[in-house]
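Reviewing the structure listed below.
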Amino acid sequence: MGGFYRLFAAIDFLPEDKEKLYRYGMTVKENSIKGNFTHQENFHLTLAFIGETRKRSEAEEALKKGVVNSRVSPFVIETEKLGRFQKKGGDIFSVGIKESTELIKMKEEITESLRIQGFSIEEQKLKAHLTIGRGVVLEKAASLEELSALVPKLHLLVNKIHLMNSERIDGKLRYSSLWEAALY
């Protein structure tokens, strides 16, 4: 039967794009007093959080149906401004993604397919973003506007949807792709 997985449906990015996002995160870090910043290999865009389950094959089947039903061909998403979610003890910083009809359609079809397969997926509007850091406290001299102006303007190719697993290995959070479906 296998062990538990902590699954989510996501878009993964090319290593060179992850490197650019990581370098930007390090710019934010250099202007911060504290924070926990995203490791380069962990940059992704979550479409649906599935949660803890043993039903890996059912999740794969749902993603396959969602990709087919979406009828979305490979597309490009674009980064935009720096986002900040204020939290007590430190904020969450992220790079926003411009709204995309293909991205919204993909999320809707995947979410629906997962629900049909029996997964309980939270109902929420897509606020596409890439988390840069959590628990971030900026230095007093750091300007949110100046940091936002430094956001890399990336055009990120979306040609696959991944079933990802989240786990801690040697105390470090790791996201790994367990399965992927190509857009066509």
Side-chain angles (χ1 to χ4, degrees), residues 1-60 62-63 66 77 79-97 103 106-107 110-111 114 119-122 124 126-139 142 147 150-152 154 156-181:
M1 175 150 29
F4 276 99
Y5 298 95
R6 187 169 167 80
L7 300 178
F8 57 98
I11 296 167
D12 201 10
F13 302 112
L14 296 172
E16 56 266 29
D17 291 327
K18 288 182 178 189
E19 182 182 346
K20 291 172 188 167
L21 290 163
Y22 177 75
R23 283 196 316 247
Y24 177 70
M26 292 302 94
T27 299
V28 175
K29 183 176 183 175
E30 289 165 7
N31 288 277
S32 302
I33 296 168
K34 70 173 192 169
N36 182 12
F37 293 86
T38 303
H39 296 285
Q40 183 171 329
E41 64 273 10
N42 284 349
F43 280 105
H44 67 278
L45 177 61
T46 301
L47 296 173
F49 180 70
I50 300 166
E52 287 194 11
T53 184
R54 284 192 165 112
K55 299 179 179 180
R56 175 180 170 177
S57 61
E58 290 91 335
E60 290 173 6
L63 289 188
I77 55 175
T79 57
E80 49 179 5
K81 64 184 187 299
L82 180 64
R84 179 184 192 179
F85 304 102
Q86 293 185 319
K87 299 272 222 181
K88 190 175 183 174
D91 302 335
I92 297 172
F93 279 77
S94 63
V95 171
I97 300 293
L103 186 59
M106 184 60 60
K107 182 206 180 339
I110 285 172
T111 299
L114 286 164
F119 293 99
S120 178
I121 306 298
E122 191 176 319
Q124 62 185 26
L126 179 65
K127 295 179 198 138
H129 66 278
L130 306 170
T131 301
I132 296 294
R134 299 176 186 280
V136 177
V137 176
L138 291 179
E139 293 177 348
L147 288 173
L150 299 174
V151 170
L154 302 177
L156 305 164
L157 176 64
V158 179
N159 61 1
K160 296 177 187 173
I161 303 301
H162 295 261
L163 179 63
M164 306 283 285
N165 185 42
S166 171
E167 59 187 331
R168 286 211 176 268
I169 300 173
D170 297 328
K172 187 176 177 184
L173 186 60
R174 299 231 186 237
Y175 301 135
S176 55
S177 178
L178 301 176
W179 181 88
E180 63 186 46

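Computation of the quantities below employed the complete heavy-atom set of this structure, encompassing side-chain atoms and omitting hydrogens, waters and symmetry-equivalent molecules.
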Given side chains that start at C-beta, do those of [X] and [Y] come closer than 4.5 Å, heavy atoms only?
X	Y	answer
L7	L178	yes
I11	L103	yes
T27	V151	no
R6	F49	yes
T38	L21	no

How about S94 and H129: does a side-chain donor come under 3.5 Å of a side-chain acceptor?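 Distance-only check fails for S94 and H129.
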
So how far is it from [X] [atom1] to [Y] [atom2], rounded to the nearest 0.5 Å?
X	Y	atom1	atom2	answer
N159	L157	CG	CG	4.5 Å
D91	R134	CG	CZ	12.0 Å
E139	E30	CD	CD	9.5 Å
L114	I121	CG	CD1	4.5 Å
Y175	M164	OH	CE	8.5 Å
T111	M106	OG1	CE	11.0 Å

Has Y22 got more than 12 heavy atoms of other residues, nucleotides or ligands less than 6.0 Å from its OH?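 Counting other residues, nucleotides and ligands, OH of Y22 stays at 12 neighbours or fewer.
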
Minimum heavy-atom separation for [X] and [Y], please, with both atom names.
X	Y	value
L138	S32	CD2-OG, 3.6 Å
A9	I50	N-CD1, 4.3 Å
H162	S177	ND1-OG, 2.7 Å
P152	T79	O-OG1, 2.6 Å
G25	F37	O-CD2, 3.8 Å
L163	R56	CD2-O, 4.0 Å

Backbone N or O of [Y] within a donor-acceptor pair of the [X] side chain at under 3.5 Å?
X	Y	answer
K107	L47	yes
T53	K55	yes
N42	L173	yes
K81	I97	no
N31	A142	no
D17	F13	no

Using a strict threshold of under 4.0 Å (side-chain N to carboxylate O), is an ion pair present between R174 and E167?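 R174 and E167: not salt-bridged.
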
NZ/NE/NH1/NH2 to OD/OE distance under 4.0 Å, K18 and E41: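 E41 and K18: not salt-bridged.
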
Which label fits F8 and H44: parallel for a plane angle under 30°, tilted from 30 to 60°, or perpendicular past 60°?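 Rings of F8 and H44: tilted, 30 to 60°.
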
Let me see the working for I92 and K87 under side-chain contact (heavy atoms from CB on, under 4.5 Å), right down to the final yes or no. CA-CA 7 Å; I92 297 172; K87 299 272 222 181; 3.7 Å; yes

Output, in order, the C-alpha distance, side-chain angles, deciding distance and verdict of salt bridge (Lys or Arg N to Asp or Glu O under 4.0 Å) for E16 and K20. CA-CA 6 Å; E16 56 266 29; K20 291 172 188 167; over 6 Å; no

Does R84 make a cation-pi contact with F93, if we ask for NZ or CZ under 6.0 Å from the ring centre and within 45° of the axis?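 Here R84 fails the 6.0 Å and 45° test against F93.
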
Which is it for Y24 and L147 under the side-chain contact (heavy atoms from CB on, under 4.5 Å) test, yes or no, and what are the steps along the way? CA-CA 9 Å; Y24 177 70; L147 288 173; 4.0 Å; yes

